[in-house]
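Have a look at the structure below, then the notes.
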Amino acid sequence: MAPYIVNFFDHEEEAKIYLQKGIKTLFNKQTLILNDTRLMIKQDIIPHIPFVGSYDQRILPILSNTTVVFSDPFQRESHEYCVSLGLSRDVEVLTLSNNHHISLTENILADDWFIDQLRDRNFQNIVNFSVNEHVELLAEKIGAKCLVSSEISAIANDKLKLKQFLEHSGLPTIEGVYTDDPDIITSYFWRKGHYFFKDPQGVSGYGFWSNQNNTLEQILSEYGWKEIIIERVIEKESSPSVQFLIYEDAGEKYACIFGFTDQILQEWRYYLGNQSPSVYMDHHYLRSEFMRQSEMIMHYLFEIGYVGFWWIDFMVGDGQIYATEINARFTWATYPAITSYLLSDSLITPWKYITREGVVHSHADYLERSIQSPDEYGMFPLCIAPLDDHGRAQLLFIGEFDEHDI
C-alpha cells in the first residue's frame, strides 16, 4: 500500500513532523553517512573537476547523532560554527586523504586500515549520495547494508524509465523518441530544428548533447551504443523542482513534499543553484498541477522501492508543464532546504543557494560574515571546504535580502 503524501503547502506542521522523523530515521548512530558526490560522475571526467570531492561536506549542517566520512581538507571550525547554531550535534567526522581521481567510496575501499576502523564501529547501515556496486562492496566489507540496492538506485534515476512511465500514465511528454540505433540518431541530428540527445543516467549536463552544440561524431562516439532519449528542444520559461523524502519506519513507508524551488541554470543546461520558493508558489492552478504530477510520479517511485531523498525536475514551456528528470539522491536543493528549515523552523522561509567562484575571503572571514544565531536572516556558509584550493564557496542566503550586500 502506497503511503499518504504530506504536502507542506497545505499541511506545513504535519510535513515538518514527517521531515524530522525522516531525518532521524536516516541519520543515527547505527548508520554511516557517505555523501559521495563523485559516484554519479563519469570516471573519465572526475580528474578534471577536483573541487567536487569537497562538495560532500554540504551535508554536514543537516546531520545529527551520526558518523560521516569526508575527504580532506575538512575545517573543524566549520563544524564548531554549525554546532553553535544548533546544527550538526553529536556528529563524528572521519576524514581520509583525498584522491580526486576516484570517488570517496573507491578511496575507502583501497584503504584496509580505514575499513577496519569502520568495521569496528559496527554500523548497521550505509546511507550514501547514491548506491552502486562499490557502495555495496563497502557495506559488505564493514558488515553493514545499503538501504536500497544499486539496481534500485539506477532504475530510480533513469530518465528513460521515467519518460516511459509518463507516456503510460498520460502525463505530458516532449516530442521525441528513444533509440540505440545510430541511423536514427543520425537522422535526428540532421533534422531541421534543435534536438537534445540525452543519456538516461547523465547528470549535471554530462551525457547531454545537441545537434547545435555538438558534432555527430561526438554524439556517436560518446553515447555508448545504449538507448538514449532524443527530444525536440522547446523554448523554456523556467525550471522548477520539487523536493521530497520517502522513508520507512517500523515497516511502514512515509512520504513528505518539503520543497518547491526554481533552479538557477547557465545556458538552460548547467546547474548553478536553487531558490525558494518557486515563482509558481502563489499561482494556485499551476502549483496544483506541479503537485498532481509529482504525486503521480511519487506513486511510481513507491513501486520501485527506493527510500531516501528525491528531487523531480520540471520544465515549463509551450504552455505546458513537463516532468523531465528524477534525481533519486541527495540533491543540491536538499541541503539548503533542510538547513533553512532546521534554522528557522519553517518550510516557507525564502532562501537562495549559489556557488561563488574566484573567492578570496578566508574561512574565518566567511564564518564572521555569516549569521551568528539561528533566528537571523543572512548568509550561511553551506560548504566552504573548496575555498583554499579552488576558490569556491557554496552559500545559503536565508530570508528576503540582497546577497550581493554580503
Side-chain angles (χ1 to χ4, degrees), residues 36-53 55 99-106 129-135 150-151 153-167 173-236 239 263 265-272 311 313 315 317 322-329 331-332 355:
D36 189 353
T37 56
R38 285 173 278 195
L39 285 177
M40 297 294 291
I41 300 172
K42 290 176 65 175
Q43 187 75 41
D44 58 339
I45 295 173
I46 290 178
H48 302 290
I49 46 177
F51 52 83
V52 171
Y55 288 179
N99 181 344
H100 71 260
H101 291 271
I102 59 177
S103 69
L104 172 61
T105 307
E106 292 172 278
F129 179 74
S130 64
V131 179
N132 64 9
E133 67 277 7
H134 297 300
V135 181
S150 58
E151 180 182 10
S153 182
I155 292 172
N157 283 289
D158 194 299
K159 299 180 185 67
L160 176 53
K161 293 189 181 299
L162 171 63
K163 187 175 180 72
Q164 291 169 336
F165 166 77
L166 297 175
E167 292 175 341
T173 58
I174 300 170
E175 173 193 337
V177 298
Y178 28 93
T179 183
D180 60 2
D181 187 332
D183 291 335
I184 296 176
I185 293 173
T186 300
S187 70
Y188 271 88
F189 182 87
W190 292 115
R191 283 192 178 196
K192 291 182 179 180
H194 194 185
Y195 283 85
F196 283 142
F197 301 75
K198 301 193 291 187
D199 183 334
Q201 293 289 336
V203 295
S204 299
Y206 299 104
F208 193 100
W209 312 279
S210 86
N211 61 343
Q212 292 189 6
N213 298 317
N214 301 95
T215 66
L216 177 61
E217 289 73 20
Q218 283 178 314
I219 298 173
L220 292 177
S221 66
E222 294 183 30
Y223 87 99
W225 295 89
K226 62 183 177 182
E227 203 163 27
I228 63 172
I229 302 167
I230 305 175
E231 290 178 339
R232 179 176 62 87
V233 177
I234 64 175
E235 185 175 349
K236 186 186 295 188
S239 295
Q263 296 183 69
L265 301 174
Q266 180 182 14
E267 300 173 357
W268 290 116
R269 176 178 177 183
Y270 296 104
Y271 177 86
L272 299 179
W311 161 345
D313 284 343
M315 179 174 66
Y322 300 100
T324 59
E325 183 175 357
I326 294 172
N327 297 292
R329 53 188 180 271
T331 69
W332 285 50
T355 297

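Each residue takes its place number in the sequence, starting with 1. The figures here come from the full heavy-atom set of this structure, side chains too, leaving out hydrogens, waters and symmetry mates.
- Ser150 is linked by a side-chain hydrogen bond (donor to acceptor under 3.5 Å, both in side chains) to Glu136, counting only residues two or more places apart in sequence or in another chain.
- Taking CG from Asn327 and CG from Asn157, the interatomic distance works out to 6.5 Å, rounded to the nearest 0.5 Å.
- Taking the side-chain contact (heavy atoms from CB on, under 4.5 Å) definition, one finds that Asn132 meets it with Leu39, His134, Val135, sequence neighbours left out.
- Side-chain atoms of Thr173 do not come within 3.5 Å of backbone N or O of Glu167 as any donor-acceptor pair.
- The two residues Arg329 and Ser130 have their closest heavy-atom pair at CB-CB, 4.5 Å.
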Practice item. Test His194 against Arg232 for side chain to side chain contact (heavy atoms under 4.5 Å, CB included), laying out the working first. Key: CA-CA 6 Å; His194 194 185; Arg232 179 176 62 87; over 6 Å; no

Practice item. Starting from the C-alpha separation in whole Å, work towards a yes-or-no answer on side chain to side chain donor-acceptor pair (under 3.5 Å) for Gln263 and Asp313. Key: CA-CA 9 Å; Gln263 296 183 69; Asp313 284 343; 3.0 Å; yes

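- Glu175 has its side chain out of reach of Glu231: every pair of non-hydrogen atoms, C-beta onward, lies at least 4.5 Å apart.
- To the nearest 0.5 angstrom, Tyr178 atom OH is 10.5 Å from Lys161 atom NZ.
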Review point. Can you list the steps and then say if Ile234 with Tyr322 is a side chain to side chain contact (heavy atoms under 4.5 Å, CB included)?
Key: CA-CA 11 Å; Ile234 64 175; Tyr322 300 100; 3.4 Å; yes

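- Using a 4.5 Å heavy-atom cutoff, the side chains of His100 and Ile46 are not in contact.
- With contacts defined as side-chain heavy-atom distances shorter than 4.5 Å, the pair Ile185/Ile228 qualifies.
- In summary, Lys198 and Glu325 do not engage in a salt bridge, as defined by a charged side-chain N under 4.0 Å from a carboxylate O.
- Arg38 contributes a side-chain N or O that, together with a main-chain N or O of Ile102, makes up a donor-acceptor pair within less than 3.5 Å.
- Judged by distance alone, the side chains of Thr105 and Asp36 do bring a donor and an acceptor atom under 3.5 Å apart.
- Under the 4.5 Å side-chain criterion, counting only non-hydrogen atoms from C-beta, Lys159 is in contact with Ile229.
- With sequence neighbours excluded, no residue satisfies ring-ring contact (aromatic ring centres under 6.0 Å, His included) with Phe129.
- From Thr324, atom OG1 reaches atom CG of Leu162 across 8.0 Å, with rounding to the nearest 0.5 Å.
- Annotation: side chain of Ile230 is not in contact with side chain of Trp209 (no heavy-atom distance under 4.5 Å).
- Taking both residues in full, the closest heavy atoms of Trp332 and Trp311 are given as N-CZ3, 3.5 Å, listed atom of the first, atom of the second, then distance.
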Exercise for review: Could you go through the side chain to side chain donor-acceptor pair (under 3.5 Å) check for Asn211 and Arg191 one step at a time?
Suggested key: CA-CA 9 Å; Asn211 61 343; Arg191 283 192 178 196; over 6 Å; no

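- For Asp199 and Lys226, the salt-bridge test passes: some basic side-chain N is under 4.0 Å from an acidic carboxylate O.
- Side-chain atoms of Asp158 never come within 3.5 Å of backbone atoms of Ala154 as a donor-acceptor pair (strictly under, hydrogens ignored).
- In this model, a donor atom of one side chain and an acceptor atom of the other lie less than 3.5 Å apart for Asn213 and Ser210.
- Residues Ile174 and Met315 meet the side-chain proximity criterion, which asks for heavy atoms closer than 4.5 Å.
- Under a 3.5 Å cut-off, the side chain of Glu222 and the backbone N or O of Ile219 do not form any donor-acceptor pair.
- Here the straight-line distance linking atom CD1 of Ile49 with atom OH of Tyr55 works out to 9.0 Å at 0.5 Å rounding.
- Relative orientation of the Phe208 and Phe196 rings is tilted, given thresholds of 30° and 60° on the angle between their planes.
- The two atoms that bring Tyr223 and Asp181 nearest to each other are OH-C, 4.5 Å, heavy atoms only.
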